[in-house]
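Below: the structure, in structure tokens.
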Amino acid sequence: MKKITTILGARPQFIKAAAVSRALAAQPGLQETLIHTGQHYDAAMSDIFFEEMEIPRPDHHLAVGGGSHGAMTGEQLKRIEAILLEDRPDCVLVYGDTNSTLAGALAAAKLHIPVAHVEAGLRSFNRRMPEEVNRVLTDHMSDLLFAPTESACRQLQNEGIAGSGVHLSGDVMMDAALFYRDRARCPDWFADLDVERGNFLLCTIHRAENTDSPERLRAIFRGLARSHRPVVLPLHPRTRKTLERLQLEAAPSIHLVDPVGYLEMAWLEMHCAAVVTDSGGVQKEAFFHGKPCITLRDETEWTELVELGVNTLVGADPERIAHHINQPAAPVPVTAVYGDGQAAQFIASVLAEA
Ligand code: UD1
Ligand code: UDP
């Protein structure tokens, strides 16, 4: 039996793990252990996903959330190492680009335990993003690299990472979107909002470059206030804290709600007119559900969507935001840019053979 230890800790990793853990459980010869770093800890940012997506309960919970990058990553590194020394898995599996990803990959690499990275090869080419540092370092420490797209594979090659460890797997978030779409659920509070199905903007904001800059955050809210449609905005706790600190009041047409679970988020993505976001995952989910996306960033890792003309980068410029959110929202044709929903199964079979 091959022992795989998965490290996760932040919301997007629970969604990716929901797809992959199911495939690992179905793959003969593999046994998975889960370490939750505790990076995200509110029930609406963590527990809800384990419950409604039926992710196996973590075997270890490290409760290392909050604090500076160094303090968080360092403490996670120390505690993950202690568990790996005890468990001695055959492979450590990490997802995406958070501090939990870097801590997990580094702990394993130093113990000479092979690292498998899901969502390898993504780049924004903006080293000021904490995620960019995390993903570059993780890729360069990994033995198995699962790239969601051909451009991600090419990027790895450009950085001298090539050979039998690199696999074009497709995107496990596509797997999750297809698997859970029939279970999508209208949030209870939706009927109480003065919002018509199909005629609202779904917005999320949490990226450090937007929430750490009062100017950018204020500018984004000025742009959103000019929307002709109501805006539904499930608020990441980081953004809620910043809005409170800045005493920044959203316009009445912007409905601030608590973060929602994946099934409610999928419903909102399926029933909105368009998505406005600075999230990585939500940009892709807009596409999976056939919705145009307006991205509140200056660059994106998911360049295919920009090239297809279904994702528009508007940064934090209120004029550009107001212009693009008020365009007619034509449905987007869904193509197999991110694979066919079998990425997790492919990853499990490679892990079993490695
Ligand atoms: C992290 C990831 C980011 C990812 C995002 C997904 C890093 C560097 N960043 O950003 O790549 O896109 O998760 O959502 O790893 N907080 C709470 N409750 C929680 C979680 C966070 O109150 O359950 C607050 C805390 O004040 C915390 C702050 O949010 O200090 C930021 O959390 P953190 O995990 O450091 O970064 P995110 O912005 O969530
Ligand atoms: N998401 C969710 N509830 C929310 C906001 C986002 O379930 O209130 C899901 C979303 O559907 C996607 C994932 O969280 O699957 C994206 O995570 P996030 O935006 O936090 O991080 P990123 O993808 O930018 O790293």
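Numbering of ligands and ligand atoms starts at 1, following listing order.
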Pair L268-F190, side chain to side chain contact (heavy atoms under 4.5 Å, CB included): steps then yes or no: CA-CA 9 Å; L268 292 166; F190 189 81; 4.1 Å; yes
H289 and H271: side chain to side chain contact (heavy atoms under 4.5 Å, CB included), yes or no, with the steps? CA-CA 9 Å; H289 295 300; H271 291 87; over 6 Å; no
Criterion side chain to side chain contact (heavy atoms under 4.5 Å, CB included) on V231 and H255, from CA distance to verdict: CA-CA 6 Å; V231 179; H255 301 278; over 6 Å; no
Show, in sequence, the C-alpha distance, side-chain angles and deciding distance for I205 and L224, and conclude whether the side chain to side chain contact (heavy atoms under 4.5 Å, CB included) test is met. CA-CA 12 Å; I205 305 167; L224 291 175; 4.2 Å; yes
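Every atom of ligand 2 is numbered from 1 in the order shown, and the set under 4.0 Å from a heavy atom of G280 is 22 (P), 23 (O), 24 (O). The distance from ligand 1 to the heavy atoms of P237 drops below 4.0 Å at these ligand atoms: 16 (N), 17 (C), 18 (N), 19 (C), 22 (O). For ligand 2 and G261, the ligand atoms under 4.0 Å from any heavy atom of the residue are 7 (O). Which parts of ligand 1 touch K241 is read off a 4.0 Å heavy-atom cut-off, strictly below it: atoms 17 (C), 22 (O), 24 (C), 25 (C), 26 (O). Every atom of ligand 2 with a heavy atom of E269 under 4.0 Å away is listed here by number and element: 11 (O). Close contacts between ligand 2 and P234 involve ligand atoms 8 (O) [criterion: under 4.0 Å to a heavy atom]. With ligand atoms numbered from 1 in the order given, ligand 1 contributes 11 (O) to contacts under 4.0 Å with heavy atoms of D97. The contact set between ligand 1 and R238, taken as ligand atoms under 4.0 Å from a residue heavy atom, comprises 29 (O), 31 (C), 36 (O), 37 (P), 38 (O). Heavy-atom contacts of M173 reach the following atoms of ligand 2: 12 (C), 15 (O) (cutoff under 4.0 Å).
Looking from atom 15 (O) of ligand 2 to the surrounding protein, the closest heavy atom is E285 OE2, 2.5 Å. With hydrogens left out, the protein atom closest to atom 19 (O) of ligand 2 is S279 OG, 2.7 Å, a heavy atom. Taking atom 9 (C) of ligand 2 as the reference point, the nearest protein heavy-atom neighbour is I15 CD1, 3.9 Å. Ranking protein heavy atoms by distance to atom 1 (C) of ligand 1, first place goes to Q39 NE2, 3.7 Å. Nearest non-hydrogen protein atom to atom 18 (N) of ligand 1 is D42 OD2, 3.0 Å. Regarding atom 5 (C) of ligand 1, its nearest protein heavy-atom neighbour is H206 NE2, 3.6 Å. Closest to atom 25 (O) of ligand 2, if we only count protein heavy atoms, is P12 CG, 3.4 Å. Protein heavy atom at the shortest distance from atom 23 (O) of ligand 2 is G281 N, 2.8 Å. Residue, atom and distance of the protein heavy atom nearest to atom 7 (O) of ligand 2 are F49 CE2, 3.3 Å. Looking only at protein heavy atoms, the nearest one to atom 2 (C) of ligand 2 is V260 O, 3.5 Å. From the protein, the heavy atom lying nearest to atom 6 (C) of ligand 1 is P12 CD, 3.4 Å.
With a 4.0 Å heavy-atom cut-off, ligand 1 is reached by the side chain of M45 but not by its N, CA, C or O. With a 4.0 Å heavy-atom cut-off, ligand 1 is reached by no atom of A208.
Considering every non-hydrogen atom in both A286 and C293, the closest pair reads CB-CB, 3.9 Å. Of all the heavy atoms in M1 and D90, the pair that sits closest is O-OD2, 4.1 Å.
Close N/O approach between N134 and ligand 1 is not found [any backbone or side-chain N/O within under 3.5 Å]. Taking only nitrogen or oxygen atoms, main chain and side chain alike, H69 does not reach within less than 3.5 Å of ligand 1. At a 3.5 angstrom cut-off on N or O pairs, R11 counts as close to ligand 2. In terms of polar-atom proximity, defined here as any N/O pair under 3.5 Å, Y41 does make such a contact with ligand 1. Remark: ligand 1 and T98 share no N or O pair separated by less than 3.5 Å (distance only, no angle test). Looking at P259 next to ligand 2, no N or O pair under 3.5 Å apart turns up.
Using a 4.5 Å heavy-atom threshold, the side chains of P58 and F50 count as touching. Between V282 and V275 there is a side-chain heavy-atom pair separated by less than 4.5 Å. Contact check for Q76 versus T98: no side-chain heavy atoms found under the 4.5 Å cut-off. Contact of the L296 side chain with the T277 side chain is not registered, since no non-hydrogen atoms from C-beta on lie closer than 4.5 Å.
Scanning K284, R207, R238 for the heavy atom closest to atom 24 (O) of ligand 2 points to R207. The heavy atom nearest to atom 8 (C) of ligand 1, out of those in T239, N99, T204, is found in N99. Taking only non-hydrogen atoms, the option from R135, M72, E131 nearest to atom 9 (N) of ligand 1 is E131. Taking each of P130, S68, G66 in turn, the one with a heavy atom nearest to atom 30 (O) of ligand 1 proves to be G66. Remark: among candidates E132, H40, Q13, the nearest residue to atom 10 (O) of ligand 1 is H40, based on non-hydrogen atoms.
Side-chain contact check for Q27 and S349: no donor-acceptor pair (N or O, by modelled atom type) lies under 3.5 Å. Side-chain N/O atoms of S151 and E304 include a donor and acceptor closer than 3.5 Å. Using modelled atom types and a 3.5 Å distance limit, the side chains of N210 and D278 yield a donor-acceptor pair. Inspection of the Q283 and N311 side chains reveals an N or O donor paired with an N or O acceptor under 3.5 Å.
A side-chain donor-acceptor contact under 3.5 Å links K2 to the backbone of A352.
Remark: R57 CZ is packed, more than 12 non-hydrogen atoms of other residues, nucleotides or ligands lying under 6.0 Å away. In this structure, R128 places its CZ atom where only 12 or fewer heavy-atom neighbours from other residues, nucleotides or ligands lie under 6.0 Å away. For E244, the CD atom sits in a packed shell: over 12 heavy atoms of surrounding residues, nucleotides or ligands are nearer than 6.0 Å.
F49 does not carry R11 over the face of its six-membered ring by the limits of under 6.0 Å from the centre and within 45° of the normal.
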